[in-house]
Peer 1: 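Sending over a structure as structure tokens; questions will come in a sec.
Below, read A as the first sequence line, B as the second, and so on, with proteins coming before strands; counting in each chain starts at 1.
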Amino acid sequence: MLELTHDDLCNMSHGETAFSIDDYKKGVPRWCPGCGDNSVLNSVQKLCKDKQLVPEKTVFVSGIGCSSRFPHYMNTYGFHGLHGRAFPVAEGVKFRRPDLNVFVITGDGDCCSIGTAHWIHAIRYNMNMTVLLLDNSIYGLTKKQTSPTSATGTKSNTHPKGSVLPPINPIQTTLSVSNASFVAQTVDWKPAHVFETIKAAYEHPGFSFVRVIQRCPKFMGDLYETTIADQSALTLLTHENGIKLDEKAEKSFKNIIQHNPSDINKGREYAEMKDSIPIGLFYQNKNAPRYDEYGAHNIGMPVTERITAINKELDKYAV
Amino acid sequence: MLELTHDDLCNMSHGETAFSIDDYKKGVPRWCPGCGDNSVLNSVQKLCKDKQLVPEKTVFVSGIGCSSRFPHYMNTYGFHGLHGRAFPVAEGVKFRRPDLNVFVITGDGDCCSIGTAHWIHAIRYNMNMTVLLLDNSIYGLTKKQTSPTSATGTKSNTHPKGSVLPPINPIQTTLSVSNASFVAQTVDWKPAHVFETIKAAYEHPGFSFVRVIQRCPKFMGDLYETTIADQSALTLLTHENGIKLDEKAEKSFKNIIQHNPSDINKGREYAEMKDSIPIGLFYQNKNAPRYDEYGAHNIGMPVTERITAINKELDKYAV
Amino acid sequence: MITTQSFPIEKEIKNRSITVSQHVVEIVSDSGEGAQKAGQSFGSISAKMGNGVWTVEIIPAEIQPPARSRAGASGIRIRIGSEKVTNMGDHANLVVALNEQVLYGRIAQDAYTKDTVILLENKWALKNKEEYTTALADFNAKGFKVIEIPMEAECMKYVSDAKKGKNMWVLGMLCEIYNRDITKAEDQIREVFKKKSEKVFEDNVNLLHGGYNWAKENLDLNFEIPPPENAGDQIVMNGNEAMAMGVMAAGIEVCAMYPITPATSISHKLAECFENAGGIVHQAEDEIAAIGFAIGSSYAGKTALTVTSGPGLALKTEFIGLAVMAEVPLVIIDVQRGGPSTGLPTKVEQGDLLAALYGEAGDAPKIIIAPSTIEECFHFVIKARKLAEQFRSPVFILSDTNLATGVSPFPRPKINVESFASPIDQSTWDKNVSPFDWDPKTGISKRPIPGQKDGMYTLTGLAHDEDSKVAYEPEINQKSSEARSRKIAAVLQTLKPPVVNGDESGDLLLVGWGSTKGAIEEAVATARKSGVKVSSLHLHFLSPMEPGLEDIFKKFKKVKTVELNYSDTIGDPLITKKSRRYAQLAWLLRAHTLVDVDCYSNVFGQPINPSKVLDMIKEKLK
Amino acid sequence: MITTQSFPIEKEIKNRSITVSQHVVEIVSDSGEGAQKAGQSFGSISAKMGNGVWTVEIIPAEIQPPARSRAGASGIRIRIGSEKVTNMGDHANLVVALNEQVLYGRIAQDAYTKDTVILLENKWALKNKEEYTTALADFNAKGFKVIEIPMEAECMKYVSDAKKGKNMWVLGMLCEIYNRDITKAEDQIREVFKKKSEKVFEDNVNLLHGGYNWAKENLDLNFEIPPPENAGDQIVMNGNEAMAMGVMAAGIEVCAMYPITPATSISHKLAECFENAGGIVHQAEDEIAAIGFAIGSSYAGKTALTVTSGPGLALKTEFIGLAVMAEVPLVIIDVQRGGPSTGLPTKVEQGDLLAALYGEAGDAPKIIIAPSTIEECFHFVIKARKLAEQFRSPVFILSDTNLATGVSPFPRPKINVESFASPIDQSTWDKNVSPFDWDPKTGISKRPIPGQKDGMYTLTGLAHDEDSKVAYEPEINQKSSEARSRKIAAVLQTLKPPVVNGDESGDLLLVGWGSTKGAIEEAVATARKSGVKVSSLHLHFLSPMEPGLEDIFKKFKKVKTVELNYSDTIGDPLITKKSRRYAQLAWLLRAHTLVDVDCYSNVFGQPINPSKVLDMIKEKLK
Ligand SMILES: Cc1ncc(C[n+]2csc(CCOP(=O)(O)OP(=O)(O)O)c2C)c(N)n1
Ligand SMILES: Cc1ncc(C[n+]2csc(CCOP(=O)(O)OP(=O)(O)O)c2C)c(N)n1
Ligand code: SF4
Ligand code: SF4
Ligand SMILES: [Mg+2]
Ligand SMILES: [Mg+2]
């Protein structure tokens with residue numbers, strides 16, 4: 001009987017290897033015009049092409065929300081699951097399938113509200129997957145309710161007079177979880193930065209968490225318009241070990257800070273930045289223990305060996 | 001028709017006021033001999049007496065676990081609810097009942113595993129309640145399974161060869177949530193410190209989070225024995241705005257650090273301390289916005305006024 | 001007679017006003033074109049003129065479907081009548097379409113029939129000539145009466161961007177066709193645009209009149225739908241709004257929720273005005289927290305509400321079990337949508353009955369009621385709060401998308417203090433009374449509320465005795481289980497057998513629950529007029545089941561439920577009488593009465609209409 | 001005859017060995033005194049000698065109950081027989097009690113009867129004289145035969161701390177009384193203490209022999225329970241261990257769980273040895289994550305398992321709905337405990353049947369099976385994995401506390417490759433085949449597994465078409481719902497009508513499911529011997545319901561289920577035939593067959609014993 005071992009799975013040949021960007025596209029995205037999700041989709045498709053990811057070896061897992069429609073637009077395997085529950089599903093996919101490239105697409109409600117427990121624990125598991133939190137600071141799909149990342153005072157259908165609580169800071173919270181290994185932030189309207197960030201995330205051996213600050217023209221109107229217009233509204237965190245932009249792209253930033261991503265304390269301080277949105281890599285640790293490695297350690301054990309083990313166990317109960 | 005306004009509720013007279021410690025006791029605690037939960041119970045009963053909390057105005061809310069049996073041993077109102085769900089219940093209790101003193105008792109599984117989402121969001125709501133996380137680094141009630149705070153390598157019934165992940169750091173994670181307002185740590189075997197910590201927590205106007213490192217002699221045997229024996233295994237964080245011990249109690253500590261609880265960055269650094277357990281107040285902010293104040297803002301509106309408002313609303317739909 | 005015409009209209013056949021007892025009108029468009037706003041206004045104006053009205057939204061599958069796509073049909077249906085209108089009716093009589101493609105979506109849903117008049121925006125004749133021409137031919141072949149109308153061109157006479165105001169022009173046109181009071185329409189527009197500038201208001205009023213006048217001059221369509229005698233003070237709203245109003249009138253102070261379609265708009269409405277009526281909406285981090293919060297509030301004396309739909313209901317399961325076990329009063333509104341799983345979020349289904357009844361592990365008896373009209377949406381919330389407190393139990397209200405978004409007028413309820421919750425009891429508790437002093441006959445006990453001296457107890461979801469002490473003794477568990485179950489029998493004592501609509505005996509009895517009532521009764525009335533011996537019965541209590549059903553059923557040759565949920569069809573591959581999985585109420589009634597109750601059901605995600613029921617009646621009695 | 005004696009025993013009546021066909025033995029104590037270890041060893045030794053055996057743990061309510069308390073009764077019951085033993089039996093024949101107070105707890109549970117022999121630790125005669133004397137008088141008055149024994153004093157001859165070894169002394173005593181093979185006992189002790197030092201082992205062997213010799217010299221009690229003919233290769237374990245072994249033999253690679261009594265020990269067993277058999281236990285952050293993880297694994301080709309009990313099941317509801325909707329193979333083991341809510345965590349109930357069937361909003365058909373013996377616990381896991389994959393569906397296995405903790409020998413299963421999951425298919429997918437290419441007849445479709453070229457699709461919990469594309473069209477939702485439901489009818493096609501135990505017609509048919517089989521069949525056998533026309537039927541499939549039930553039922557005058565869950569009792573206040581809430585299987589069978597199925601049920605949290613069933617049979621046929 002054929003057994004698929006860890007190596008079998010990971011080294012399986014998949015015919016032709018030159019995939020074009022179109023090979024990763026499926027259908028027509030149904031996001032509103034100007035929706036930041038479109039820009040992220042483009043970057044991800046570009047990444048797939050650059051990395052020549054084998055489409056059938058790639059799985060996009062999402063929850064529910066506008067953003068979570070993402071997998072439907074990728075010509076790969078996809079799992080558009082339950083609201084808030086993308087992480088456990090993605091972990092289950094990866095656990096015994098080290099050969100699959102796993103991406104998680106989640107929204108601010110999906111990840112930071114209903115999915116909070118799984119988010120926190122996913123960070124701790126540190127399984128090798130790329131996570132994109134598409135954060136528009138609002139519930140898009142259900143038509144404008146306050147999200148945990150909505151700025152205080154945001155007017156929504158559940159808080160018509162303005163929300164009353166300070167927003168969660170997904171970067172700070174992610175940094176606080178033991179075993180966090182890659183924590184970055186970008187904004188959808190800087191495609192070069194989005195791309196480099198996603199690329200670095202993909203290359204990171206572990207759980208790479210990227211918060212993409214995303215425009216929702218439909219419900220958050222001009223929230224980011226001022227930000228886009230104002231060059232100083234963004235602060236670029238850069239470093240030779242961080243996310244690098246080419247010179248031209250970097251020039252579009254007025255505020256640039258050198259930040260060594262191995263310095264978590266500094267990372268935490270930058271995460272609190274108030275008047276400007278810090279983007280870049282806050283923290284990276286390539287050596288954090290990975291639960292997916294544990295999950296893969298006994299894959300493909302021959303059935304005969306397994307039967308022997310079971311029989312040995314049964315012997316203990318023999319009468 | 002009698003309406004109970006905010007003031008009515010809060011100023012209601014409750015007869016005699018001199019409660020003795022016995023007035024807060026109920027039944028015989030059913031924890032194992034030497035269980036750290038006993039020591040916390042004692043401190044809490046002492047606090048109730050010191051503060052002369054009116055028993056019927058006091059509610060202990062818990063989840064499920066050994067620790068969550070706590071409310072049964074208090075002669076107050078109690079809510080021994082569902083595993084992981086103490087926070088939402090406590091929030092619901094407090095929302096429209098500002099007159100009630102609300103305590104939350106939770107365990108490391110209850111709070112940091114199944115209850116993670118509620119824990120994080122409870123911090124953000126910053127409602128005025130005192131939270132005691134009785135952290136024994138194990139699942140006690142269900143007989144020894146790994147908990148998120150179990151040190152890597154802990155042998156349990158679900159990880160007989162030792163757990164594989166680094167433990168969650170509840171202090172660090174709590175500190176990372178926007179609107180955190182009181183974050184402290186103590187150890188059950190230092191009763192004076194437990195008491196002072198709980199007292200400061202109770203006095204804090206907001207969500208006061210206290211992690212009590214708690215011994216489970218039944219399942220974690222000698223985990224803390226060395227710590228108890230070794231004076232330097234603890235580091236006392238102290239400050240005039242922090243948790244103060246009397247001189248004698250303070251003398252029992254070898255490592256003492258002055259830490260100003262308004263300095264969250266330092267607090268975060270101390271939270272990472274590796275070889276010694278830091279105890280004391282990591283952070284406090286008495287001015288963080290409180291969701292319970294929002295919840296109480298329109299309590300006790302007279303029925304006539306409410307009827308008028310409803311009718312005004314109905315007018316809009318009149319044909 | 002109305003015939004297919006091409007623009008310009010032949011003027012000579014204008015002004016033959018036809019009197020009809022009811023008409024079904026639709027406005028369909030791409031989403032975002034304001035069709036629903038126009039339709040709702042049209043409905044409101046009609047209601048204000050005293051007509052019976054029912055409106056249902058036509059919702060596309062996607063939040064942002066591509067323009068001019070079949071799946072993108074968005075809009076509204078308005079049924080107006082001389083009498084009370086209780087459902088969306090059958091085929092549309094008149095349709096305003098902002099493009100021809102969306103009509104295909106509605107045709108697929110069997111919304112139109114031969115003779116349906118279609119007023120079609122003709123700008124596509126230029127822009128998308130081929131598609132447009134093909135469609136027109138199709139429509140004519142189907143027998144629709146298509147009238148092409150230069151809507152955009154006409155609008156451009158008043159505004160520079162026709163997209164923004166076409167809906168008001170359409171409203172004006174409809175007002176003329178149906179002889180609606182144009183000043184009422186102006187008032188309505190003022191209400192709609194009250195937060196916008198005066199300029200916006202003026203533009204829209206101009207468009208309104210533009211449409212009105214254009215129709216007067218160019219269209220040979222005019223219908224009179226005389227209103228009934230004065231029906232008294234009426235209000236017009238949808239079921240979710242009625243629920244929100246009911247919440248306030250019930251004196252509930254806390255609505256703890258997590259957003260989910262189609263329940264969320266209850267909380268949107270509340271978020272607008274609840275705080276003026278002594279309450280607050282709490283948007284929790286998830287559905288579990290929402291119900292936990294509500295239970296905490298209830299425990300502390302303020303019986304609270306949580307609102308949700310299918311996926312959210314699933315998450316609340318564990319807490320519902322706790323509320324049953326610890327006897328916490330609680331109101332749960334479940335606005336049912338298509339299932340299972342995420343299913344059809346914007347479509348109607350009555351698929352949660354069994355989940356509400358049996359979702360929890362162990363025995364978790366609870367009260368379940370289902371409103372069948374928008375008016376009942378209001379009153380049932382008050383009823384639920386009272387039942388919850390009286391029987392110290394969670395109470396489910398099962399509504400659905402059809403009620404949630406359907407708009408219809410009903411008598412304005414008098415708001416008075418009786419419907420409000422009493423202030424919480426803070427008197428000293430009688431020490432001799434246990435916190436679960438179960439009445440041996442009814443299972444009912446009175447609950448101590450935090451703040452009550454001498455009432456201290458610790459609520460628990462573990463098995464417990466009268467004193468709320470954890471107890472594992474066999475007899476105690478048996479006894480407390482009996483008490484909880486007995487309460488359902490006690491509720492039953494308060495109910496009267498339901499009244500049959502039609503004769504009390506006959507060939508066929510249809511049994512329904514929830515939003516299908518109007519359609520069923522309309523079909524029964526029609527059938528009975530033609531001599532068919534059919535009656536119907538509509539249940540409002542599902543737990544306990546209303547009394548006397550067996551006796552009622554026995555007087556009919558056949559009994560069949562009409563439900564919007566799934567059942568197998570006998571005759572389909574592998575499906576026999578024995579392998580068949582029945583619709584939910586049918587299944588319950590079979591177990592309850594041992595009568596061979598049949599079912600007519602589907603999961604089309606559409607409200608049922610009278611003609612479908614009528615067809616079925618005829619089929620069943622063949 | 002055995003009479004009440006006080007120490008020292010009268011030696012002259014020693015050694016009259018009595019042969020019995022079965023005996024029920026209990027060891028009861030405070031918790032932590034090792035009674036369960038001694039009893040399990042006693043059971044194992046007996047099984048090794050070829051006897052039929054059934055053991056059940058006696059679990060106190062609290063993790064740390066006070067010593068010498070009635071509610072603290074902890075221990076074990078061991079039933080040994082000359083034939084296969086299938087249940088815990090009725091009253092105990094012989095009880096070893098480490099203090100007199102815990103006996104009250106068991107008396108309250110009706111565990112003893114006149115003539116039950118009680119071997120009582122007599123050290124309390126000094127320490128707690130008054131209580132002890134009162135109790136002794138009580139016991140004598142009840143007709144128990146109490147023999148006082150100086151257990152502690154005897155143990156002190158071998159060890160300095162008697163608390164640590166008394167259980168082994170008791171084991172020795174029991175071995176003598178029942179003529180157990182003392183070398184087998186030594187082997188057993190070696191297994192139990194294999195991780196401890198040689199000294200510990202020696203101490204315990206000394207205690208064993210001490211007890212043995214003491215009994216030989218001092219007790220006039222000796223029973224012979226001859227084993228049956230060689231029953232072939234046997235193993236002895238509890239139901240949870242059998243499940244864990246079944247998981248490995250099924251070739252499952254992932255068990256994702258969150259701890260919960262009484263399901264957790266399945267994962268404890270797996271955690272010990274799963275990794276040697278190619279699998280891993282994943283302890284998730286909660287039950288939702290656990291099932292989500294399992295579904296992820298299943299989706300990626302490795303059909304996974306999640307194990308839980310009531311409160312955890314509630315949390316899994318939403319994901320179960322997704323698995324049904326998206327047709328993900330999945331095995332869900334629910335070890336039922338007392339409900340509702342947290343209920344009775346350590347006690348038995350069969351209360352989750354309806355929740356498993358109907359927990360999800362919308363229509364969520366799935367397969368549900370229930371093992372009735374420990375042996376079936378093993379085999380049903382394999383069956384479930386196969387059904388899950390074949391029908392692309394979640395499969396529930398409903399076990400309960402009685403099976404989970406009951407220990408009994410059964411034929412050692414042959415482990416072979418057939419029971420293992422096939423390696424995941426990584427071949428190229430046929431592009432022409434949709435990911436949900438529902439067979440029109442059976443609803444079955446084949447699933448693409450990530451890694452399969454050309455099989456790419458996006459799984460969704462939204463309504464979808466064959467291509468897994470989100471679709472809101474009425475016909476598509478109807479069609480896909482039919483496909484999912486049809487699969488249940490397809491499973492039904494593979495089933496044969498169940499076989500009646502006893503005659504195929506008669507006065508009364510008892511119908512059971514799950515762990516009650518042994519007790520029911522034993523009662524039926526006894527009743528039939530005395531001429532009563534009673535038969536029984538045991539169901540293993542609950543969804544689909546096994547075929548032919550109506551025909552079987554019609555041949556009996558009365559049909560009654562025997563279930564460990566709640567039902568109202570007719571005659572109780574307010575409870576009539578019409579208001580009654582039925583036991584869960586009874587309710588289903590009524591709807592399914594329209595036969596007036598009655599039920600006998602309780603929520604005592606105790607396994608049912610044959611005599612209770614027997615009493616009921618007599619009562620029913622009066
Ligand atoms: C259990 C459950 N609760 C609620 C919903 C309804 N729902 C769908 S998406 C969503 C929130 C979407 O917000 P976000 O995650 O920020 O995604 P976005 O649409 O903004 O991209 C909600 C509440 C659901 N589908 N399931
Ligand atoms: C929904 C649910 N899942 C699981 C359980 C089982 N359970 C009870 S307590 C507990 C964990 C206890 O650990 P912890 O919270 O650390 O409390 P401790 O007993 O250690 O004080 C678990 C898993 C439950 N009661 N409910
Ligand atoms: S609603 Fe917002 S997030 Fe959703 S598709 Fe539109 S712009 Fe994007
Ligand atoms: S098991 Fe541990 S935590 Fe639980 S009562 Fe015993 S010592 Fe305390
Ligand atoms: Mg969002
Ligand atoms: Mg713990």
Side-chain angles (χ1 to χ4, degrees), chain C residues 61 109 310-311 313-315 317-318 321-322 324-325 338-344 347 349 351-352 354-355 358-365 440-441 461-463 472 474 477-478 481-482 485-486 488-490 492-493 565-566 568 573-575 579 581 587 590-591 594 596 602-606, chain D residues 61 109 310-311 313-315 317-318 321-322 324-325 338-344 347 349 351-352 354-355 358-365 440-441 461-463 472 474 477-478 481 485-486 488-490 492-493 565-566 568 572-575 579 581 587 590-591 594 596 602-606:
Chain C
Q109 287 165 28
L313 178 62
L315 291 167
T317 309
E318 193 191 6
L322 176 70
V324 171
M325 182 61 139
S341 195
T342 315
L344 296 164
K347 307 286 180 183
E349 194 175 304
D352 299 359
L354 294 175
Y358 300 126
E360 305 77 25
D363 187 49
K441 175 134 194 246
L462 283 154
Y472 291 68
N477 194 46
Q478 182 71 28
S481 299
E482 281 166 7
S485 184
R486 191 89 29 95
I488 303 300
L492 181 58
Q493 291 290 105
N565 54 34
Y566 182 76
D568 291 330
L574 303 186
I575 308 302
S579 69
R581 298 178 59 252
W587 188 243
R590 291 170 68 84
L594 300 180
D596 189 0
N602 68 55
V603 286
F604 288 153
Q606 304 291 330
Chain D
Q109 287 164 28
L313 177 62
L315 291 167
T317 310
E318 194 191 5
L322 176 72
V324 171
M325 182 62 139
S341 194
T342 315
L344 295 165
K347 306 287 179 183
E349 194 174 304
D352 300 359
L354 294 175
Y358 300 126
E360 304 77 25
D363 188 48
K441 174 131 195 250
L462 284 154
Y472 290 67
N477 194 48
Q478 182 72 28
S481 299
S485 184
R486 192 88 32 92
I488 302 300
L492 181 60
Q493 291 290 103
N565 53 34
Y566 182 77
D568 290 329
D572 276 358
L574 304 185
I575 307 302
S579 69
R581 298 177 60 250
W587 189 244
R590 291 170 69 84
L594 300 180
D596 189 2
N602 67 55
V603 285
F604 290 152
Q606 304 292 330

Peer 1: Do you know which two heavy atoms are closest between C/Arg590 and D/Ala591, and how far apart they sit?
Peer 2: NE-O, 3.0 Å

Peer 1: Could you tell me which portion of C/Glu482 (side chain, backbone, both or neither) has an atom closer than 4.5 angstrom to a non-hydrogen atom of chain D?
Peer 2: both

Peer 1: Among all residues two or more places apart in sequence or in another chain, which pass the side chain to side chain donor-acceptor pair (under 3.5 Å) test with D/Asp568?
Peer 2: C/Ser485, D/Tyr566

Peer 1: Examine whether an atom of C/Glu318 lies under 4.5 Å from a heavy atom of chain D, and if so say whether it belongs to the side chain, the backbone or both; otherwise answer neither.
Peer 2: both

Peer 1: Hey, could you give me the CG/CZ distance between D/Leu574 and C/Arg486, rounded to the nearest 0.5 Å?
Peer 2: 7.0 Å

Peer 1: Determine the option with the most heavy-atom pairs under 4.5 angstrom with chain D, choosing from C/Pro474, C/Ala489, C/Gly339, C/Gly351.
Peer 2: C/Pro474

Peer 1: Between chain D and each of C/Leu344, C/Leu322, C/Ile488, count heavy-atom pairs under 4.5 Å; write down the option with the most.
Peer 2: C/Leu344

Peer 1: Does the side chain of D/Arg581 come within less than 4.5 Å of C/Asp363's, by heavy atoms?
Peer 2: yes

Peer 1: Measuring from C/Asn602:CG to D/Asn477:CG, what's the distance to the nearest 0.5 Å?
Peer 2: 9.5 Å

Peer 1: If you measure from CG on C/Leu492 to CD1 on D/Ile575, what distance do you get to the nearest 0.5 Å?
Peer 2: 9.0 Å

Peer 1: So which of C/Gly605, C/Ala490, C/Gly338, C/Ala355 has the largest heavy-atom pair count under 4.5 angstrom toward chain D?
Peer 2: C/Ala355

Peer 1: Heavy-atom distance under 4.5 Å to chain D: side chain of C/Leu462, backbone, both or neither?
Peer 2: both

Peer 1: With sequence neighbours excluded, tell me which residues meet side chain to side chain contact (heavy atoms under 4.5 Å, CB included) with C/Thr317.
Peer 2: C/Glu360, D/Ala314, D/Thr317

Peer 1: Sort C/Pro440 into side chain, backbone, both or neither according to what part of it lies under 4.5 angstrom from a heavy atom of chain D.
Peer 2: backbone

Peer 1: Considering all heavy atoms of both residues, which atom of C/Asp352 and which atom of D/Gly362 are nearest to each other, and what is their separation?
Peer 2: OD1-N, 3.3 Å

Peer 1: Answer with side chain, backbone, both or neither: which region of D/Glu349 has an atom nearer than 4.5 Å to a non-hydrogen atom of chain C?
Peer 2: side chain

Peer 1: Could you have a look at C/Gly343, C/Ala463, C/Ala364 and say which one has the most heavy-atom pairs with chain D under 4.5 angstrom?
Peer 2: C/Gly343

